[in-house]
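Here's the structure, in structure tokens; my notes come after.
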Number of protein chains: 2
Amino acid sequence: MPSDRDEMPARPTISEVAAEAGVGRATAARTLGGYGYVSPEMRERVLAAADKLGYRANALARSMSTGVSHTLGVILADIGNPFFAGVMRGISDTSRARGFDTIVLSTYEDLDEEIAAVNVLIDKRVDGVIVASTAVGPGEVAHIRAAVDRGVPVVLVDRAVASLDLDAVVIDNRDAAREAVETLIAAGHRRIGFVWGPPAAQVPATRRELLAEASRNLWTDGERLRGYLDALDDARIPFDPDLVMVGRKTEERVTQEVARMLALPDRMTALFCTETEAVTGALRALRAAGLAYPHDVALIGFDDSAWAAVMDPPLTMIEQPVHRLGAKAAEVLLDTIGGAEPRREMHTLRSRLVMRSSVAPPAS
Amino acid sequence: MPSDRDEMPARPTISEVAAEAGVGRATAARTLGGYGYVSPEMRERVLAAADKLGYRANALARSMSTGVSHTLGVILADIGNPFFAGVMRGISDTSRARGFDTIVLSTYEDLDEEIAAVNVLIDKRVDGVIVASTAVGPGEVAHIRAAVDRGVPVVLVDRAVASLDLDAVVIDNRDAAREAVETLIAAGHRRIGFVWGPPAAQVPATRRELLAEASRNLWTDGERLRGYLDALDDARIPFDPDLVMVGRKTEERVTQEVARMLALPDRMTALFCTETEAVTGALRALRAAGLAYPHDVALIGFDDSAWAAVMDPPLTMIEQPVHRLGAKAAEVLLDTIGGAEPRREMHTLRSRLVMRSSVAPPAS
DNA sequence: CTGTTAGCGCATTCAT
DNA sequence: ATGAATGCGCTAACAG
């Protein structure tokens with residue numbers, strides 16, 4: 001071990017800087033903390049001493065006495081998902097611009113992880129938290145409510161939670177889904193598959209039951225389902241439970257389910273995917289069945305990407321304003337931390353359907 | 001504002017719990033902190049009081065007096081890159097399993113951001129840091145060296161830094177690149193393009209200069225270049241500067257450069273991409289030129305993905321053990337935090353070439 | 001086994 | 001304008 005004989009302390013404190021500068025601690029604290037009055041001369045000496053010792057303020061100690069940490073906590077469902085990675089960048093860009101650090105935790109869609117994450121953030125005394133919650137029912141939000149009750153500002157991003165009256169920054173999921181399905185319908189399709197992911201073991205047979213199920217689901221999924229149904233209704237196309245997938249939207253499950261829909265006697269001719277892995281899963285199923293898009297089945301999916309654009313043919317996809325979503329969430333949170341009264345409302349951003357070449361009329 | 005009349009403090013402290021339980025602070029601290037001896041009865045009372053008040057330890061105060069935070073700092077070049085997102089998951093999974101939280105910062109390949117990130121982490125008193133550094137030369141590592149000097153354990157991940165003698169967890173970049181290029185050569189190719197990204201304005205004309213340039217570059221890029229050259233050498237194929245791209249590997253630049261290589265009189269027949277955006281960029285160029293893979297040009301790229309598998313034809317790609325990379329880095333770091341003497345060595349993990357259908361013999 | 005006491009590093013009155 | 005004294009919530013000797 002070199003370099004730790006008797007040089008200078010690895011982490012000089014403010015007292016050591018004060019001693020080195022030959023002033024009182026308070027004076028050193030004032031200049032280093034940037035508050036209160038300090039004469040130019042003293043100031044110079046303190047700065048020089050601090051520089052010489054390589055002083056860095058201990059953020060913990062500082063938060064300890066001020067009560068604020070200038071840190072935002074962020075809880076995302078899956079940081080490995082490019083969608084959330086983009087949202088994160090929006091959050092981190094705007095919070096950094098306003099002098100805040102961010103600490104990110106990924107729950108991987110596990111509620112227990114989310115609860116643990118909230119606790120970690122509260123324990124670390126973050127000034128506020130942004131969360132894309134995996135909670136669905138009123139019975140799963142106790143941890144968020146607890147945070148709010150403890151006085152921690154919380155804003156929801158991507159997924160609103162019905163039973164929580166908080167600011168939420170989301171996109172127009174229902175409209176986006178409707179537009180996509182309408183596009184399919186306009187191309188002449190009537191047998192339109194829907195890759196959805198209710199945890200239920202089987203698809204409810206009736207619309208009514210399905211809608212009920214939707215409310216017990218992730219908000220985004222519920223909205224997208226409603227949009228799908230809206231489009232069907234407007235075109236007077238009856239809802240067919242066989243055309244909606246059930247179970248978690250893993251690529252494998254999607255492949256299976258799409259294969260099933262493809263094998264239906266009255267085969268589907270178009271497919272709408274609510275997630276990016278759903279698209280790759282569907283593509284696998286198509287290939288396995290020896291089918292090609294858009295000829296055999298038209299395709300539209302959520303979440304645009306570089307890949308979608310270079311596929312052959314290129315995929316028509318819904319592009320979400322990921323960066324803006326994160327930036328807006330951070331702005332709202334930062335504002336309420338700054339003292340603004342929370343408006344507790346839904347901030348809805350617009351998505352965009354990027355037309356490319358995965359939609360064609362049914363082969364007939 | 002409901003719920004804050006005169007109920008209980010939003011954030012009860014250990015003293016309040018002690019008071020509520022009618023015991024001394026130390027006793028409360030001992031049971032809540034899980035150390036020292038406490039009789040079962042006292043213990044019960046404290047626990048009950050804590051539960052009643054909804055007590056949660058203040059992690060800041062705790063770190064303050066113990067000097068440890070049970071938190072790992074992670075600095076990644078770009079959390080939006082699925083590669084790093086995967087690495088992050090490896091890190092977070094294993095550190096959580098060992099009782100550590102992680103705080104992630106993304107530098108987006110900016111050295112100043114990286115320096116700021118190191119400072120943030122040190123200020124927050126993390127117990128160790130994992131970094132995928134964008135630093136290339138000895139002149140750009142002062143911040144990392146400073147951290148080490150302050151006694152903070154540091155382990156490098158993905159990118160080793162020549163001038164830093166630290167533990168580094170990486171993959172066999174040179175071998176991986178060589179194997180890929182060898183595969184191309186074995187298929188009969190001799191005009192093999194290489195999407196590389198030296199910041200230099202133009203490609204050095206000679207091998208010697210190129211290699212020199214490599215050392216002034218990101219370590220991974222240097223290694224991959226060496227692998228490319230290794231394969232060429234073994235097959236006695238002369239190096240042609242026209243076949244290597246220069247400049248940052250953004251999708252746009254790649255598209256331009258690949259188009260250039262495609263327009264060469266003695267056209268390239270195969271392409272090796274060292275990055276995932278390079279692949280999409282190349283694909284765009286191919287389409288624009290009205291060319292198809294693998295017929296007109298064979299293709300191999302770094303970083304496998306779900307998309308690569310569903311492309312038509314599916315892409316032959318190098319798969320990196322992303323999760324393992326992160327897990328191993330966390331293990332090494334946690335071990336040295338735990339007191340193990342750092343071995344300061346390179347931990348090399350094996351990548352894997354996933355053969356699919358983007359390589360075929362040259363059209364001739 | 002339990003309670004008292006003294007810091008951790010900083011911000012912040014309060015006198016001077 | 002500056003310095004001495006307190007407190008943030010917790011851990012850790014230390015005594016009882």
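Side chains are part of it too, since the values below use all heavy atoms of this structure and drop only hydrogens, waters and symmetry mates. Chain letters run A, B, ... following the sequence lines, proteins first and then strands; every chain starts at 1.
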### Message
Rounded at 0.5 Å granularity, tell me how far OG1 in A:Thr31 sits from CE in A:Met42.
### Response
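So the gap between those two atoms works out to 10.5 Å.
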### Message
To the closest 0.5 Å, what do you measure between CZ (B:Arg56) and CZ (B:Arg11)?
### Response
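Nearest 0.5 Å value for the CZ-CZ distance: 11.5 Å.
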#### Entry: the helix from C:dC1-D:dG16 to C:dT16-D:dA1: angle between end helix axes, five pairs per end, rounded to 10 degrees
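End-to-end axis angle for the helix from C:dC1-D:dG16 to C:dT16-D:dA1: 40°, rounded to 10°.
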### Query
OP1 or OP2 of C:dT2 sitting under 4.0 Å from any side-chain N/O of B:Ser39?
yes
### Task
Ignoring backbone atoms, test whether A:Ser63 places a side-chain nitrogen or oxygen under 4.0 Å from the OP1 or OP2 oxygen of C:dC10.
no
### Query
What's the closest nucleotide to the A:Tyr37 side chain, out of D:dA1, D:dG9, C:dG3?
D:dA1
### Query
A:Thr13 side chain: which of D:dC10, D:dC8, C:dC10 is closest?
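For the A:Thr13 side chain, the nearest candidate turns out to be C:dC10.
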Rounded to whole angstrom units, what separation is found between the [atom1] atom of [X] and the [atom2] atom of [N]?
| X | N | atom1 | atom2 | value |
| --- | --- | --- | --- | --- |
| B:Leu53 | D:dG9 | CG | P | 14 Å |
| B:Asp123 | C:dG9 | CG | P | 14 Å |
| A:Arg125 | D:dC10 | CZ | C1' | 11 Å |
| A:Arg43 | D:dT2 | CZ | P | 11 Å |
| A:Arg45 | D:dA1 | CZ | C1' | 13 Å |

### Task
Taking all non-hydrogen atoms of both residues into account, name the closest pair between A:Val154 and A:Val148 and its distance.
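Smallest interatomic distance, heavy atoms only, reads CG2-CG2, 3.9 Å.
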### Task
Go through the steps to decide whether A:Glu16 and A:Arg25 satisfy the test salt bridge (charged side-chain N to carboxylate O under 4.0 Å, His left out), and finish with yes or no.
CA-CA 8 Å; A:Glu16 291 163 332; A:Arg25 303 128 90 92; over 6 Å; no
### Message
When you compare the side chains of B:Lys328 and B:Thr94, does any donor N or O come within less than 3.5 Å of an acceptor on the partner?
### Response
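Absent: no donor and acceptor within the cut-off.
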### Query
Counting N and O atoms only, with roles assigned by atom type, does the side chain of B:Ser63 sit under 3.5 Å from a partner on the main chain of B:Val68, one being a donor and the other an acceptor?
yes
### Message
Side chains of A:Val129 and A:Val74, heavy atoms from C-beta outward: is any pair under 4.5 Å?
### Response
no
### Query
Which nucleotides of nucleotides 11-16 of chain C have their base under 4.0 Å from a protein heavy atom (B), which only their sugar-phosphate (S), and which neither (-), written as one string 5' to 3'?
BB----
### Inter- and intrachain pairs under ring pair (Phe, Tyr, Trp, His ring centres under 6.0 Å), touching residues 59-116 of chain B, at least two apart
B:His70-B:Phe100
### Evaluation steps, side-chain contact (heavy atoms from CB on, under 4.5 Å), between A:Thr336 and A:Arg343
CA-CA 9 Å; A:Thr336 104; A:Arg343 304 172 58 189; over 6 Å; no
